[in-house]
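Here is the structure we will look at, set down as C-alpha cells.
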There are 2 protein chains.
Amino acid sequence: MGRWEPNARERLAEAALELYSERGYEQTTVAEIAKRAGLTERTFFRHYADKREVLFAGSGDLQELFVRSVAGAPEDAAAIDALAFGLDAVGEVFADRRAFARTRHAVITANAELRERELIKLASLSAALADTLRRRGVTEPAASLAAEAAVAVFKIGFERWIEAAEERDMVQLVREALTEFKAVAAGG
Amino acid sequence: MGRWEPNARERLAEAALELYSERGYEQTTVAEIAKRAGLTERTFFRHYADKREVLFAGSGDLQELFVRSVAGAPEDAAAIDALAFGLDAVGEVFADRRAFARTRHAVITANAELRERELIKLASLSAALADTLRRRGVTEPAASLAAEAAVAVFKIGFERWIEAAEERDMVQLVREALTEFKAVAAGG
DNA sequence: CTCTTTGATGTCAGTGACTGTCATCGACCC
DNA sequence: GGGTCGATGACAGTCACTGACATCAAAGAG
C-alpha cells in the first residue's frame with residue numbers, strides 16, 4: 001500500500017456530488033469536500049481547476065465519443081445524418097447511468113454557476129462537432145449551425161429521458177427530438 | 001449638483017470595459033474599476049452583482065425586444081417565421097453600435113468566465129423565446145428547438161457582422177444565416 | 001425655515017475560492 | 001544505500017463578494 005489511499009480524484013468527485021446534493025452547491029465549501037475525501041483543500045485544487053469542474057470531469061469523454069461517431073459516419077451522409085450517428089452513440093452510453101445522471105442533473109440545474117459551466121461544456125462540444133463536420137467537407141456556417149442543432153436535440157432528448165416517470169430508452173427519445181427538430185426547421 | 005457625480009452605474013460600465021480591454025479581464029481588479037470611476041469597490045457591487053455582469057447590463061433590453069417582436073408576428077406565421085421577425089428587429093438595433101460591439105465581443109471571447117456568462121444570457125434568451133412561441137400555440141419540444149435554432153442563427157449572423165472587413169448590414173447577414181440553417185436542417 | 005427622512009455612498013471586518021511556495025516522505029531506480 | 005520523483009500537506013497571500021453600520025446632501029413635512 002502506498003503512502004496514501006488510492007483514487008484521490010474519484011473520492012473527491014464522489015464527496016463533492018454527495019455534499020452538493022445534500023446541502024446545495026453554495027452551502028458546500030471546498031474544505032468540506034476535501035475533508036470528506038480524507039484530503040486537504042489544496043489537493044482538491046490539484047485535481048480540479050475549480051469548485052465546479054469536479055462535476056464535469058467526464059464531459060471530455062462524452063465529447064470524444066460524439067466526435068468519433070460523427071467522423072465515422074458514411075462519407076456520403078449529409079451533415080444532419082452524420083450527427084444522428086453521434087446522437088445514437090451518445091444515447092447508448094448513458095443507458096446504465098440514469099440514477100447518477102439524475103442526481104448530477106438536479107444539482108446542476110439548481111445553481112446558476114453550475115448551469116454556466118454546463119453551457120460552456122456544451123459549447124465546446126458544439127465547436128468540436130462543427131470542426132468534425134468541416135473535416136467532412138461541410139462548409140461554414142452550415143457546419144456550426146448543424147452542430148448547434150445537434151446539441152439542442154441532445155439536450156431535449158436528455159431532459160426527456162431524465163424526467164420520464166418510468167425508465168425509457170434514451171436513444172429513442174433523442175431520435176424523436178431529432179424528428180421534431182427537422183419538422184420545425186421546415187416550417188411545420 | 002448632488003453630493004456625488006451622476007451616472008455612477010454608467011461610469012462603472014465604461015471604466016470596466018476600458019480596463020478589461022486594455023489589460024484583460026483577469027488582470028483587472030474590481031477596486032481598479034471603481035477607482036477609475038471615482039467610486040469604491042463596495043459601490044461597484046451595489047450596481048452589479050459580480051465582476052462579469054457589468055458587461056451584460058444591456059442583455060435584458062435585447063431579450064425584451066426580441067420577445068416583443070416574435071410575439072407581434074402575424075398569428076398564422078409558423079414558429080420559424082415568427083422568430084425571423086425577432087431576428088430582423090434585433091439586427092436593426094445593433095446598426096450604429098458596431099465599434100462598441102466589437103470591443104465588447106473581443107473582451108468576452110478572450111476570457112472563459114465571460115464566455116460562460118454570455119452563454120447563460122443566450123440560454124435565458126432562448127428560454128424566453130420558447131415561452132413566447134408556446135403562447136403562440138407552438139407545442140414542446142418544437143418551441144424549445146426552434147428557439148435554440150434562432151439563437152444559433154443570431155450568433156452566426158452577429159459574428160459575421162462583427163468580423164466583416166467592411167461595415168455590412170447585420171439584418172442581411174442574419175437573414176443569410178437563417179437561410180443556411182433551413183438548408184442544413186433539410187439535409188442539404 | 002427647520003426637522004426628518006431617504007438614498008447613494010463610504011468604511012471596515014469577514015468568508016471563501018484559488019494560487020504560489022516550500023516541506024514531507026513512501027516508492028522506485030540504480 | 002543513496003538519490004530522485006510524485007503526491008500530498010502546510011501556510012501565507014490575493015481577490016471576489018457580503019453584511020453591518022456611518023455619513024451627508026437632497027427632498028419632503030410641518
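In the text below, chain A, chain B and the rest are named by the order of the sequence lines, each starting its count at 1. Source: prediction; values computed, not measured.
Taking the side chain as every heavy atom from C-beta outward, Asp88(A) and Val174(A) never approach each other to under 4.5 Å.
Rounded to an integer number of Å, the gap from Arg117(A) CZ to dA17(C) C1' is 13 Å. Rounded to whole Å, atom P of dT8(D) lies 11 Å from atom OH of Tyr48(A). Rounded to an integer number of Å, the gap from CZ of Phe44(B) to P of dC15(D) is 15 Å. Following rounding to the nearest Å, Lys51(A) (NZ) and dA16(D) (C1') show an atom-to-atom distance of 13 Å. Counting to the nearest Å, the P atom of dA16(D) and the CD atom of Glu116(B) are 17 Å from each other. Nucleotide dT19(C) holds its P atom 7 Å from the CZ atom of Arg42(A), rounded to whole Å. One interatomic measurement links the two molecules: CZ of Arg52(A) to P of dG16(C), which rounds to 17 Å at whole-angstrom precision. One atom, CD of Glu113(A), and another, P of dG16(C), lie 14 Å apart when rounded to the nearest Å.
The salt bridge (Lys or Arg N to Asp or Glu O under 4.0 Å) contacts involving residues 136-146 of chain B comprise Arg134(B)-Glu140(B), where partners must be two or more places apart or lie in separate chains.
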From CA spacing to verdict: salt bridge (Lys or Arg N to Asp or Glu O under 4.0 Å), Glu41(B), Lys51(B): CA-CA 10 Å; Glu41(B) 188 179 7; Lys51(B) 192 184 165 187; over 6 Å; no
Trace of the salt bridge (Lys or Arg N to Asp or Glu O under 4.0 Å) decision for Glu22(B) with Arg36(B): CA-CA 13 Å; Glu22(B) 286 168 14; Arg36(B) 181 171 294 202; 3.2 Å; yes
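For dG9(D), its base sits under 3.5 Å from the side chain of Arg46(A) at one donor and acceptor pair at least.
You'll find that the side chain of Glu41(B) is closest to dC17(D), out of dC18(C), dC17(D), dT8(D).
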Contact state string [nucleotides 1-7 of chain D, B base, S sugar-phosphate only, - no protein heavy atom under 4.0 Å]: -----BB
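Note on Glu53(A) versus Lys121(A): salt bridge recorded, some NZ/NE/NH1/NH2 to OD/OE distance being below 4.0 Å. Under 4.0 Å is where a charged nitrogen must lie from a carboxylate oxygen, and between Glu118(A) and Arg52(A) no such pair does.
Residues passing the ring pair (Phe, Tyr, Trp, His ring centres under 6.0 Å) test with Tyr25(B), sequence neighbours excluded: Tyr20(B).
The nearest pair of heavy atoms linking Thr103(A) to Ser21(A) is CG2-OG, 3.7 Å. Heavy atoms only, all atoms of each residue included: Lys182(A) and Ile80(A) are closest at CE-CG1, 3.9 Å.
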Going by atom type alone, with no hydrogens or angles, which donor-acceptor pairs under 3.5 Å involve a side-chain atom of residues 150-169 of chain A and a protein atom two or more places apart or on another chain?
{"residue": "Lys155(A)", "atom": "NZ", "partner": "Glu148(B)", "partner atom": "OE2", "Å": "2.9"}
{"residue": "Trp161(A)", "atom": "NE1", "partner": "Arg168(A)", "partner atom": "O", "Å": "3.1"}
{"residue": "Asp169(A)", "atom": "OD1", "partner": "Val171(A)", "partner atom": "N", "Å": "3.3"}

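Remark on the helix from dC1(C)-dG30(D) to dC30(C)-dG1(D): inter-end axis angle 10°, axes from five-pair C1' superpositions, rounded to 10°.
Within residues 17-38 of chain B, the residues having any heavy atom closer than 4.0 Å to DNA chain D are, in order of number, Thr28(B), Thr29(B), Val30(B).
Not one side-chain nitrogen or oxygen of Thr40(B) sits closer than 4.0 Å to the OP1 or OP2 atom of dT9(C).
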